[in-house]
Amino acid sequence: MSDATRTPPPDRSGVHPFPGIDDRAVRRRRPAVVLATVGSLGDLYPVLSVARALVSAGFEARLALSPEDCETARSWGLLAEPIGPSQADTAQRLGLSRDQIAAAVLRDASPMVNEVLLPMLPDLVAELAPLMDGAGIVAGTTFALHAALAAERAGLPYVPLMLQPMMTLSALDPPRARRFGAMAAQPGTALTKAWNRAIMGLGRATLRRKHLRGLNAVRAGLDLPPHAGTPLLDPGPSDVPLRLGLWSPHFSPPPPDAPDGLEIIGFPPAPDGDLDFDVHNFLESGSPPLVVTLGSIAQALGGADFWSEAVALARRMGLRAILLHGTAPVPQGPDILSRPYMPHAPLFPRAAAILHHGGIGTTAEALRAGRPQLVVPVGGDQPDNAARLERLGLAATLPIARFTAAKAHAALAALLDRFDYAAATDLAAKIAAETAPSEAALRLTQLARRRR
């Protein structure tokens, strides 16, 4: 993706990260927290939000990021250590474009884990080692396997940062994604619950079959014992003290069979930022537009006709369109405003509706805006996020492979006929009131102090 799609405006914040805590007591013991992530802006922004909350409270946040993400961190006023190759270097080494890499990961991340991530782990762990010195705790997202390994080698507690409800892998609130299609959506009987547990067990067995040998080879080279759990799902030693669910419990409450130690604390806000003069002028010169985005990595994955069909959808509905398209080519016209990137927080509340891919970061901002949504999942966790939005009555869903203006018009028009704006506004206010970065920072530092 272009630099333009990855450079955000500053993040919005303003509340004291630790209300009710004596500042002098906090400053007496300030354990450093190491934070790592790998992925899209939907992975990066929550980690940067937590880092800013830590810094605001007087703690040291040590960010371990890709070179490109380090640039984004600097735009937030944060320092970060570049870990691993740049995205451009990785793409060149694989002989794939960034779009091809994104498509492969969203379709099935397993080959990339085996062929790219696992072979890189020894070097990544070595690069991370200096950040462990004097740290009290390490936290990271799903694909930041190097952070979990580095924490284990240093004898530090590791906290998984879980970004999507799908990652609870609940048998009682099963993921609504392609690989989980055989599961009962509403397991109300002992038989359907047992069926779902069996399928989930099969899924774990599949992950172990695909990745455990390679991961254990890496662990052996790092003088670590064999992995006791399921790769990607059970990072580090078996006694993970805490798992932070960085989504709103109003979007998805904890299931009865949630992983041990899971605390769901809310959606960290994306950057606030400002809309430029031309955007303000466009918004003020007519009725609210249809806002269209496929996130930070999927802009070119909707097919050759996606953007033209999205504009045709807007025109069928008598709407103008704002297209956030990254580097993908898009139609032009007096009723269209296109940008590679635009901050979602000030834009989404001005939309008549939001057409998006269902990435968790975009989903969070669309919920916070309280606007109707048409979700066209590309892969990964996106179908599950879309299903949860549908359950709340906030979205219609159309697989991106079937997306046409006519089908999208029928789906969105039906949603608008039944859309409860008052309920959506009430939910938006509850989500906007969440203080997830502060809550995450508080729990991480408390745990770090207890371990000292």
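Predicted model only: the values in this text are computed from it and were never measured. What you see below is based on every heavy atom in this structure, not just the backbone, and it leaves out hydrogens, waters and symmetry mates.
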Restricting to salt bridge (charged side-chain N to carboxylate O under 4.0 Å, His left out), what partner residues turn up for Arg176, sequence neighbours left out?
none
Has the side chain of Arg243 got a donor or acceptor atom that lies under 3.5 Å from a matching backbone atom of Met162?
no
On a heavy-atom basis, the closest approach of Ala144 and Val38 is CA-CG2, 4.3 Å
Candidate pair Trp76 and Leu44, rule side-chain contact (heavy atoms from CB on, under 4.5 Å), full reasoning
CA-CA 12 Å; Trp76 285 51; Leu44 177 64; over 6 Å; no
Ignoring hydrogens, what is the shortest heavy-atom contact between Ile83 and Ala64? Give both atom names and the distance.
CG1-CB, 3.7 Å
Does either side chain, that of Thr72 or that of Ser75, offer a donor lying less than 3.5 Å from an acceptor on the other one?
no
Is there a side-chain contact between His344 and Leu324 in this structure, where contact means two heavy atoms from C-beta onward sitting under 4.5 Å apart?
yes
Kindly determine whether Glu81 and Glu127 satisfy side-chain contact (heavy atoms from CB on, under 4.5 Å), including the steps that lead there.
CA-CA 9 Å; Glu81 183 72 19; Glu127 291 181 42; over 6 Å; no
Quick one: are Trp247 and Thr363 in side-chain contact, heavy atoms under 4.5 Å?
no
Within 6.0 Å of CZ in Arg391, more than 12 heavy atoms from elsewhere
yes
Fit a plane to each ring of Trp307 and His325, take the angle between them on a 0 to 90° scale, and name the class: parallel (under 30°), tilted (30 to 60°) or perpendicular (over 60°).
perpendicular
With distance as the sole criterion, is a donor-acceptor pair present between the side chains of Asp43 and Thr141 under 3.5 Å?
no
Is any side-chain heavy atom of Leu35 less than 4.5 Å from a side-chain heavy atom of Leu444?
yes
Could you pull out the closest heavy-atom pair between Arg208 and Gly229, with the gap in Å?
CD-O, 3.8 Å
Side-chain touch Arg339/Ile322, heavy atoms, less than 4.5 angstrom
no
Does any N or O in the side chain of Thr230 come within less than 3.5 Å of the main-chain N or O of Leu233, such that one atom is a donor and the other an acceptor?
no
Does Glu439 pair with Arg443 as a salt bridge, N-O distance under 4.0 Å?
yes
Applying side-chain contact (heavy atoms from CB on, under 4.5 Å) between Leu224 and each of Leu149, Val218, Val125, Asn216, report the one that passes.
Leu149
First locate atom CG of Leu246, then atom CD of Glu263, and finally report the distance between them rounded to the nearest 0.5 Å.
11.5 Å
Close side-chain approach of Thr37 and Phe143, heavy atoms under 4.5 Å
no
Pairs flagged by side-chain hydrogen bond (donor to acceptor under 3.5 Å, both in side chains) wherever residues 369-387 is involved - sequence neighbours left out
His356-Gln373, Asp381-Asn385, Asp384-Arg388
Which distance, rounded to the nearest 0.5 Å, do you find between the OH of Tyr45 and the CG of Leu163?
14.0 Å
Supply the atom-to-atom distance Met112 CE to Asn114 CG, rounded to the nearest 0.5 angstrom.
11.5 Å
For residues Pro383 and Ala177, report the shortest heavy-atom separation together with the two atoms involved.
CB-CA, 4.1 Å
Rounded distance (nearest 0.5 Å) linking atom CG of Leu394 with atom CZ of Phe251
9.5 Å
Is the shortest side-chain heavy-atom distance between Ile264 and Leu262 below 4.5 Å?
yes
So, does Arg62 use its side chain to make a donor-acceptor pair with the main chain of Leu131 at under 3.5 Å?
yes
Could you tell me which non-hydrogen atom of Pro241 sits nearest to which non-hydrogen atom of Tyr158, and how far apart they are?
CD-O, 3.7 Å
Can you confirm whether Ile360 sits close enough to Phe267 that some side-chain heavy atom of one is under 4.5 Å from a side-chain heavy atom of the other?
yes
Could you walk me through whether Thr362 and His357 pass the side-chain contact (heavy atoms from CB on, under 4.5 Å) test, one step at a time?
CA-CA 8 Å; Thr362 306; His357 61 310; 3.2 Å; yes
Rounding to 0.5 Å, atoms CG (Leu169) and CD1 (Ile199) come to a distance of 13.0 Å
Would you confirm whether Thr192, through its side chain, and Ala184, through its main-chain N or O, come within 3.5 Å as a donor-acceptor pair?
no
Could you go through residues 406-422 and list every donor-acceptor pair under 3.5 Å that involves a side-chain atom there, pairing it with any protein atom two or more places apart or in another chain?
{"residue": "Arg418", "atom": "NH1", "partner": "Ala414", "partner atom": "O", "Å": "3.1"}
{"residue": "Asp420", "atom": "OD1", "partner": "Ala422", "partner atom": "N", "Å": "3.2"}
{"residue": "Asp420", "atom": "OD1", "partner": "Ala423", "partner atom": "N", "Å": "3.0"}

Hey, are the side chains of Arg320 and Ile336 touching, using non-hydrogen atoms and a 4.5 Å cut-off?
no
In sequence, state the C-alpha distance, the side-chain angles, and the governing distance for Ile137 and Leu156, and then conclude on side-chain contact (heavy atoms from CB on, under 4.5 Å).
CA-CA 6 Å; Ile137 196 167; Leu156 296 174; over 6 Å; no
Going by the side-chain hydrogen bond (donor to acceptor under 3.5 Å, both in side chains) test, name the single residue among Glu434, Lys430, Arg368 that passes it with Ser248.
Glu434
What are the two closest heavy atoms between Ala345 and Pro349, and how far apart are they?
O-CD, 3.1 Å
Would you compute the distance between atom CZ of Arg153 and atom CG of Leu128 and round it to the nearest 0.5 angstrom?
11.0 Å
For Ala405, is there any backbone N or O sitting under 3.5 Å from a side-chain donor or acceptor partner on Glu309?
yes
Electrostatic pair Asp234:Arg204 at N-O distance under 4.0 angstrom
yes
